[in-house]
Amino acid sequence: MTQILMIEVSPRGKDSASRAVADMLAARLTDHYPSAKFVRRDLAAEHLPHLDEITLPAISTKDPAEAERLKEVAHQSDQLTDELLESDVLVIATPMWNFGIPSALKAWIDLVVRPGRTFQYSDGGVLGLAKGKKAILVLASGGVFTGGPWRSWDFVEPYLRQILGFIGIVDVQTVRAEGMNIPDLAADAVSRANKAVGELAL
Ligand SMILES: Cc1cc2nc3c(=O)[nH]c(=O)nc-3n(C[C@H](O)[C@H](O)[C@H](O)COP(=O)(O)O)c2cc1C
């Protein structure tokens, strides 16, 4: 059975452009994969831990005794990683904050990008282990980054494509609600993004 994993990040609820577009995408995905299992992770509600002096060894130790001792701590990362590996379609819907991703999304990434689980080094190279998935990025920003003078300030899409590629996810499409802080553009940014959702290759 197809599994769709949707990661939502914005804490702005009904005012969120990325969530509004993600809702439209969810409807299209459900239509396209009627029997799919839909898993939604709301990172604004979940408050995932940052890697700290306990979480980091719990998910990276090579000592079986230490791994056993810290197994409860590793549980959340194990679960999030299993969920990602079991999914066929990954949607990440996120705002741009300070030209990058919110720390809640970075916390999720730090919990799922794991040696031996989602990537491994081999023969001097890196092998992504989360292969064969489609990813769709739904990105909302106050400014415009697809062209113009601010383009090189976008550390959201390049970073997400790079880190997803690192774990083997290379089929990545992007939909943007951009110009949300520019009244002339904001007025129809979400409807333009919703139209782009209709044109995605699913
Ligand atoms: C803390 C914060 C930082 C932001 N930083 C940027 C930024 O660096 N560049 C930008 O274009 N917009 C920035 N914005 C505007 C948001 O990207 C914009 O409001 C977007 O619609 C947020 O997504 P959402 O509507 O899904 O919450 C920022 C907004 C907040 C609240």
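None of the values given here were measured: they were computed from a predicted structure. Whatever order the structure lists them in is the order used to number ligands and atoms, beginning at 1.
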Which residue from Ala177, Ala17, Ala140 reaches closest to atom 20 (C) of ligand 1 through any of its heavy atoms? Ala140
Quick check: is Val170 connected to Val172 through a chain of hydrophobic side chains (ILVMFWY, heavy atoms under 4.5 Å apart)? no
Given Gly142, Gly13, Pro102, Gly100, which one has a non-hydrogen atom that is nearest to atom 12 (N) of ligand 1? Gly142
Output the list of atoms in ligand 1 that are nearer than 4.0 Å to some heavy atom of Ser18, sorted by atom number. 24 (P), 26 (O)
Enumerate the atoms of ligand 1 whose separation from the nearest heavy atom of Ser10 is less than 4.0 angstrom. 24 (P), 26 (O), 27 (O)
Partner of Leu202 by side chain to side chain contact (heavy atoms under 4.5 Å, CB included), out of Ile136, Val197, Val89: Ile136
Parallel, tilted or perpendicular: rings of Trp150 and Phe99 (30°, 60°): parallel
Answer yes or no: does an N/O atom from Phe99 fall short of 3.5 Å to an N/O atom of ligand 1? yes
Ligand-residue contact atoms, ligand 1 with Met180, heavy atoms, under 4.0 Å: 21 (O)
Salt bridge check, Glu83 against Arg41: does any charged N sit closer than 4.0 Å to a carboxylate O? yes
What protein heavy atom sits nearest atom 23 (O) of ligand 1, and how far off is it? Pro95 CB, 3.2 Å
Determine, stepwise, if the pair Asp23 / Arg19 fulfils salt bridge (Lys or Arg N to Asp or Glu O under 4.0 Å). CA-CA 6 Å; Asp23 282 349; Arg19 283 180 186 262; over 6 Å; no
Note: ligand 1 atoms sitting under 4.0 Å from heavy atoms of Arg12 are 21 (O), 24 (P), 25 (O), 27 (O)
Looking at ligand 1, would Phe145 count as a contact under a 4.0 Å heavy-atom criterion? yes
Distance under 4.0 Å to a non-hydrogen atom of Gly143: what atoms of ligand 1 satisfy this? 10 (C), 11 (O)
Are any non-hydrogen side-chain atoms of Ser77 and Thr55 less than 4.5 angstrom apart? no
